[in-house]
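In what follows, chains carry the letters A, B, and so on, assigned in the order in which the sequence lines appear, proteins first and then strands, with residues in each chain numbered from 1. Basis for what follows: all heavy atoms, side chains included, without hydrogens, waters or symmetry-related copies.
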Amino acid sequence: MPELPEVEVVRRGLEAHVLGREIAKVDVLHPRSVRRHPAGARDFADLLVNRAFVAARRRGKYLWLPLDDDQHAVVGHLGMSGQLLVQPGAAADEAHLRIRFAFAAGDPELRFVDQRTFGGFAVAPMDAAGVPVPIAHIAADPLDDAFDDARFLEALRRRRTGVKRALLDQSLISGVGNIYADEALWRSRLHYARPTETLRRSEAVRLLSAVREVMAAALDHGGTSFDHLYVNVNGESGYFDRSLDVYGRAGLSCRRCEAPIRRDPFMNRSSFTCPTCQPRPRRARW
DNA sequence: CGGAGCTCCTGGGGGC
DNA sequence: TGCCCCCAGGAGCTCC
């Protein structure tokens, strides 16, 4: 389950391996992987052949590769299980290979492998700022220079929802998934059901700092992975679950106070909290 | 229009 | 051993 730091590692890999190379052939092996390309798989491939990627960019967990026509980009999301692999053409196809990008100069080729097919790609026009139109509505992520702290803190406290829901809302702040939301809330000692409108400014500031710390720590380790499905662009698995303080630690003791970590159902998934460090607010909202 | 809930998908794992 | 069901999750969509 790649989160922002893992996607950044993939972006760097793409930058190193696929830029400036003429695309010779694109095979779409599963239609669902191009479902965000309305004109279909054939059109997706035709728009890319004889073109080249000139950059590798990211916003939140979205990646895009601008083309040498200066107008379009391949844009996509890895979803839960997506991997971008740089592989020799002679390597056997992976069990869940969905898209193959082969280059005129030969090896290596780029492969999109995705077991659960939540991920996918499209060719889309870019807006004046160079952002693909389909993702122009996504907020900046907290590691982006363009992220406006003051504006985020204001918008957060104007919301009328639980603080974790707000963290997961990509129109407010992008790139925060379930794992890092729980980690950042634990660090800042906030319960997921805390109503956003009751957050003191200092608490909101602490929370934003914690989000950045969690992401930065993961990036330092070359991307976090808690799932064998996650593999970086070179196919090497990152592994960093020792750094997790609460996520997935139900019943284990809190690293701060030793109380047993609890797991609660949350939006058809889970939230992990320390009942002592993160007491449930009297007026809970989620 | 903001907020909340549903849906897509696959394979690992537990229960029986 | 085999079958069934639950679970993981981002984000687009729909509904109120």
Side-chain angles (χ1 to χ4, degrees), chain A residues 1-8 10 29-38 58-64 75-84 94-99 112-122 124 131-142 152 154-185 192-199 211 215 224-231 237 241 244 246-251 263-272 283-286:
Chain A
M1 47 194 96
E3 298 231 15
L4 184 149
E6 291 84 353
V7 178
E8 173 59 18
V10 170
L29 304 167
H30 196 303
R32 192 171 148 78
S33 297
V34 293
R35 67 193 180 283
R36 303 287 171 212
H37 189 86
R58 181 186 59 72
R59 174 179 285 186
K61 289 182 252 188
Y62 278 97
L63 286 167
W64 72 95
V75 56
H77 197 291
L78 300 178
M80 287 182 58
S81 55
Q83 309 166 17
L84 282 168
E94 290 75 9
H96 304 291
L97 177 61
R98 308 303 191 194
I99 307 176
F112 177 58
V113 176
D114 187 13
Q115 178 204 106
R116 278 169 262 188
T117 67
F118 272 55
F121 288 83
V131 179
V133 171
I135 62 163
H137 66 287
I138 299 285
D141 64 67
F152 166 74
E154 260 179 52
L156 175 68
R157 296 201 295 151
R158 269 202 309 271
R159 284 295 168 96
R160 292 291 179 270
T161 188
V163 66
K164 182 168 172 179
R165 271 186 184 277
L167 281 181
L168 297 176
D169 183 339
Q170 307 291 303
S171 67
L172 191 57
I173 179 172
S174 69
V176 182
N178 197 45
I179 296 170
Y180 292 175
D182 278 5
E183 292 295 309
L185 288 165
Y192 59 83
R194 176 71 178 274
T196 46
E197 69 270 29
T198 69
L199 284 172
V211 169
M215 288 182 175
T224 307
S225 178
F226 331 106
D227 186 330
H228 69 284
L229 288 171
Y230 169 67
V231 181
S237 195
D241 59 347
L244 292 177
V246 277
Y247 183 85
R249 299 192 68 243
R263 172 191 175 279
D264 295 328
F266 178 85
M267 292 169 71
N268 289 324
R269 43 195 69 113
S270 299
S271 276
F272 296 90
R283 199 154 66 78
R285 211 199 259 273
W286 71 94

Between [options], spot the one nearest the side chain of [X], thanks.
X: A:Thr161; options: C:dG10, B:dG3, B:dC9; answer: B:dG3
X: A:Asn268; options: B:dC6, B:dC9, C:dA11; answer: B:dC6
X: A:Gln115; options: B:dT10, C:dG12, C:dA11; answer: B:dT10

Is there a side-chain contact between [X] and the phosphate of [N], meaning an N or O under 4.0 Å from OP1 or OP2?
X: A:Arg116; N: C:dA8; value: no
X: A:His137; N: C:dG12; value: yes
X: A:Ser270; N: C:dA8; value: yes
X: A:Arg35; N: B:dC8; value: no
X: A:Arg165; N: B:dG5; value: yes
X: A:His96; N: B:dG11; value: yes

[atom1] of [X] versus [atom2] of [N]: gap in Å, rounded?
X: A:Met267; N: B:dC8; atom1: CE; atom2: P; result: 17 Å
X: A:Leu156; N: B:dG3; atom1: CG; atom2: P; result: 11 Å
X: A:Phe118; N: C:dG12; atom1: CZ; atom2: P; result: 13 Å
X: A:Leu29; N: B:dT10; atom1: CG; atom2: P; result: 15 Å
X: A:Asn178; N: C:dA11; atom1: CG; atom2: C1'; result: 13 Å
X: A:Arg32; N: C:dG12; atom1: CZ; atom2: P; result: 13 Å
X: A:Arg269; N: C:dA8; atom1: CZ; atom2: P; result: 9 Å
X: A:His77; N: C:dC13; atom1: NE2; atom2: P; result: 14 Å

With a non-hydrogen cut-off below 4.0 angstrom, is [X] in contact with a base, only sugar-phosphate, or nothing?
X: A:Asp169; answer: nothing
X: A:Arg263; answer: sugar-phosphate
X: A:Arg285; answer: nothing
X: A:Arg159; answer: sugar-phosphate
X: A:Tyr62; answer: sugar-phosphate

Exercise. Less than 4.0 Å between a side-chain N and a carboxylate O, is that true for A:Glu197 and A:Arg158?
Worked result: no
Problem set entry | Salt-bridge contact A:Glu8-A:Arg58 (side-chain N to carboxylate O under 4.0 Å) | yes
For this session: Check A:Ile173, A:Leu167, A:Leu172 against A:Leu156 for a side-chain contact (heavy atoms from CB on, under 4.5 Å) and give me the one that passes.
Result: A:Leu172
Problem set entry | Heavy-atom closest contact (A:Gly175 atom, A:Leu4 atom, distance) | O-CB, 3.5 Å
Exercise. Nearest heavy-atom pair of A:Arg269 and A:Asn178: which atoms, and what distance?
Worked result: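 Scanning both residues, the minimum pair turns out to be CD-CG, 4.1 Å.
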For this session: Give a yes or no on whether a donor-acceptor pair under 3.5 Å exists between the nucleobase atoms of B:dG2, that is its base, and the side chain of A:Arg158.
Result: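 Such a pair does not exist between side chain and base.
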Exercise. Taking atom types as modelled, is there a side-chain donor on A:Lys164 or A:Ser271 under 3.5 Å from an acceptor on the other?
Worked result: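 Yes.
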